[in-house]
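Throughout, numbering of the chain's residues begins at 1 and tracks the sequence. Because only heavy atoms are used, hydrogens play no part in the values below, and waters and symmetry mates are left out as well, while side chains stay in.
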Amino acid sequence: MNPTFVEVVLSILLVILPWAFGGALPWTKFLIEAVAGSLALMWVISLLRKEKITFVATALQQLSLFTFLYAASTIMHLPHGLVRWLSPKSAQASDALLNLGVNIRPIYRLSMDPMRTVDDLLLFGSYFVIFFAIVNTYGSKDRIRRFFYLIAGNGLLLSLFALVQRAFWNGKLYWVVPTESGTSFGSYFNHNNFAGYIELALGACIAITLSRFASPGDFRVQGWRKKFVWIASHEVPVVFLGMFVLVILLTAIIYSLSRGALLALVLALPLTKMLLPAHRASTLRIPLVPFVLVLVVVSALALIGASTLVHRFSNLASYTNMYRLDMWHDSARMIKDFPLFGVGLGAFNEVFPAYKRSHFEVKSVYLESDWLQAVIELGFIGMTLIALMVWVFFKNVRLRYSQRRDKEIRSYLFGGTIGLLALMAHSLLDFNFHMPANALTAFAMAAVVLITATTREEGERSITPTVVGTLTPRSRTFMLLTVGSLGCLFLVLSYYSFQTQSALMRWRSIVAHPGTITNYDQIFARPRWFLPLASEWRYGRGTAFEMEAARPGYNMIESADLRRNGIMAANGALELAPGCGEYWALRARLYSELNEHQTAEDNYLQALRCDISNYEILYQSGVALLRAGKIPDGVVQIGRARTMANVIPLEPTFNFVMAYTRDPQLLSEIVIAESPDDLALFHLLMQRNGL
């Protein structure tokens, strides 16, 4: 495989992703997976005529493959008794399908949402493929140097754009893309994810700057004569340019107001010095990196104002801090219920609603802590494997760092380690590794650091791997068939995953504009073979039948048939994700419209068990109870929904409930007692209706 071609392709990918909203779009994820699958196939094709295959051998290969297979095993269909023994809560979710008479045969798996697990396996598997592609092709100083320049330069441009956009902010990314998030910064929807990427760029910039000193790592220049000689050299402008870029990058991080990023940087520096000890004793030590950081922080404080930062860090009881703490507290019960195998990779946001006890107005997609979410999704077994990979990686870097004599190599190891440790520390408080641009850049930087650490220097430009693996003819055939098959599978699954996500995005756009509901059949009528496997796709199809049945022009029989089709689609969604409350709520709504009230009530109860935090489901269950004639229970449910999230307007709710009862005592149940505005409006509505 041509190393230059690999470098060009990966460089384009690494540059594009941060500008494409951090890679958080279906097409960007498909691009990553397509590149990974193509690289695997190209590697197989390039080695078909070679009798002997050599590759850079590291312990991470076996560990990463074992971790991947472990995560993939959670989507396997297992015997009921085995699942009940390994993960009782997973078996209990599937048992609900039998208890409520869903007309499907439960499939018992350890993952609570196998299709989300497949999607995340494709993405994280792509990161590992690209990781090992870099390890086996970036075997020269020039490529390693260009990589650090690429990341630092892209971070500089992104920081400058972010600062300019902040100065002329109109509430839209790129001044044209609307965003509901109040924390957007640069090209990212979340300012913490932006700061996470800049942490990696800052590490690359430190590596480049240190590589131009007379002796990097500690920056020591012994003797005044040597100092003056160095000052007159061509390296000085590069050093000052690097320091200027450091100023821009750190200023962008501070302007993003990401507390986690600043704390991570402060923590990463001493950790790096502890991990990578000094090469040898020195008569003069100038701590360049801490000096520059202190200088830039002081400058940024002058720019942004000390009061802003002091308020940002001192306000420990802020909403975002309390939100994190409450989520972590609620997630502790998930760890207790799914201790060994977790809920399945990517299944966190399907299961967490059943454990959420506050902040009901926010849909929690991520846990605001990558490491804690990894424990929840993969269990302690999976987290142990991840911790072992991290330990092996940094153990290799530490052992090899003290053996390096080349100043440039040591600089790249030092700067790359700072960037990686900063992002990993930041991920204790945020979800940077769930942002494809950040995750892929981190994996790429880790690969470059690893190949730099595990090579021996040969002259000024060449480096050679110290550990090379070889394959026998028999193992060669097995390796080529395995990698080739996985590459083809990656390409096929990533394409259909992209099709699924694109269909869902188009469907959400249609739902947001009900006037275009007639186009729903263009999205869901002719599914590809992979699309029906996605639980979200089946849920979308069921919702489409629900909305279609509500349109005028159908008689009762036709509307009932559409709703029955919607129930079948909801059953299919529940087959894949039996713990999702929204899928149970869809089934309940359809049964309610068919006047099968008891079945609807049972399904609503199950929906609330799975998603106690969803005020919309609670409100819908109240409406269904009113229609079933259980007026007191229905009014209480509606009142609880309004209390849970103060976003349901009182006046239309009052008018709706009054069609079922005019009892003042019951009507008062829908009022939020602690809201003076609600009480005043309620008395006004009562007077207006003569009550």
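Taken to the nearest 0.5 Å, the OG atom of Ser184 stands 11.5 Å off from the OH atom of Tyr174. Going from atom CG of Asp113 over to atom CG of Leu345 covers 11.0 Å, rounded to the nearest 0.5 Å. Ser427 contributes atom OG, which lies 10.0 Å from atom NE2 of His434 (distance to the nearest 0.5 angstrom). Of the inter-residue distances, the one linking Ile612 atom CD1 with Asp330 atom CG reads 12.0 Å to the nearest 0.5 angstrom.
For the residue pair Tyr188 / Asn438, a side-chain donor-acceptor distance below 3.5 Å is found, with atom types taken as modelled.
Among residues two or more places apart in sequence or in another chain, the ring-ring contact (aromatic ring centres under 6.0 Å, His included) test is passed with Phe185 by Phe194. With sequence neighbours left out, the side chain to side chain contact (heavy atoms under 4.5 Å, CB included) criterion links Cys610 to Trp584, Gln606. Applying the ring-ring contact (aromatic ring centres under 6.0 Å, His included) test to Tyr583 and every residue at least two apart in sequence or in another chain returns Tyr539. Considering only residues two or more places apart in sequence or on other chains, Arg564 meets the side chain to side chain contact (heavy atoms under 4.5 Å, CB included) condition with Ile567, Tyr591, Leu594, Glu596. Shown here are the side-chain hydrogen bond (donor to acceptor under 3.5 Å, both in side chains) partners of Thr74, two or more places apart in sequence or in another chain: there are none. Taking the ring-ring contact (aromatic ring centres under 6.0 Å, His included) definition, one finds that His80 meets it with Tyr108, sequence neighbours left out. Partners of Leu684 under the side chain to side chain contact (heavy atoms under 4.5 Å, CB included) rule, at least two apart in sequence or in another chain, are Leu681, Arg688. For Arg640, the salt bridge (charged side-chain N to carboxylate O under 4.0 Å, His left out) criterion is met by no residue, not counting sequence neighbours. Residues meeting the side-chain hydrogen bond (donor to acceptor under 3.5 Å, both in side chains) test with Asn595, sequence neighbours left out: none. Among residues two or more places apart in sequence or in another chain, the side chain to side chain contact (heavy atoms under 4.5 Å, CB included) test is passed with Val623 by Tyr619, Arg627, Ile638, Phe656.
With respect to Arg642 and Asp678, a salt bridge is recorded, a charged nitrogen being found less than 4.0 Å from a carboxylate O.
Other residues, nucleotides and ligands contribute only 12 or fewer heavy atoms inside 6.0 Å of the CH2 atom of Trp85. Applying the 6.0 Å contact sphere to CE of Met383 captures more than 12 heavy atoms from other residues, nucleotides or ligands.
No donor-acceptor pair closer than 3.5 Å links the side chain of Glu593 to the backbone N or O of Leu590. Not one N or O on the side chain of Asn603 forms a donor-acceptor pair closer than 3.5 Å with the backbone of Arg587. Under a 3.5 Å cut-off, the side chain of Arg109 and the backbone N or O of Ile75 do form a donor-acceptor pair. Side-chain N or O atoms of Glu350 include none that pairs as donor or acceptor with a backbone N or O of Cys580 at under 3.5 Å. Although no hydrogens or angles enter the test, the distance criterion places no donor-acceptor pair under 3.5 Å between the side chain of Ser87 and the main chain of Val83.
The shortest distance between side-chain heavy atoms of Arg357 and Arg333 falls below 4.5 Å. No side-chain heavy atom of Asp663 sits less than 4.5 Å from a side-chain heavy atom of Val635.
Between His426 and Asp430, the closest heavy-atom pair is NE2-OD2, 2.8 Å. Across Asn432 and Asn192, no two heavy atoms sit closer than the pair OD1-O, 3.5 Å. Minimum heavy-atom separation, Leu428 to Ser369: O-OG, 2.9 Å. For Ser559 against Ala549, the heavy-atom pair with the smallest separation is OG-O, 3.5 Å. Between Ser331 and Leu372, the shortest heavy-atom contact is OG-CD2, 3.6 Å. When all heavy atoms are compared, the tightest approach of Met112 to Pro578 is O-CD, 4.1 Å.
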Exercise for review: Start with the C-alpha distance between Gln373 and Phe433, add both sets of side-chain angles, then the distance that settles side-chain contact (heavy atoms from CB on, under 4.5 Å), and finish with yes or no.
Suggested key: CA-CA 11 Å; Gln373 186 166 338; Phe433 281 97; over 6 Å; no
Review point. Would Leu608 and Leu618 count as a side-chain contact (heavy atoms from CB on, under 4.5 Å) if you check the C-alpha gap in whole Å, the side-chain angles of each, and the deciding distance to 0.1 Å?
Key: CA-CA 7 Å; Leu608 291 172; Leu618 193 59; 3.8 Å; yes
Practice item. Step by step, work out the side-chain contact (heavy atoms from CB on, under 4.5 Å) result for Ile617 and Tyr604. Key: CA-CA 7 Å; Ile617 295 178; Tyr604 271 125; 4.2 Å; yes
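Annotation: side-chain hydrogen bond (donor to acceptor under 3.5 Å, both in side chains) contacts involving residues 335-349, sequence neighbours excluded, comprise Asp337-Tyr355. Among residues at least two apart or in separate chains, ring-ring contact (aromatic ring centres under 6.0 Å, His included) pairs with a member in residues 327-348 are Phe348-Phe352.
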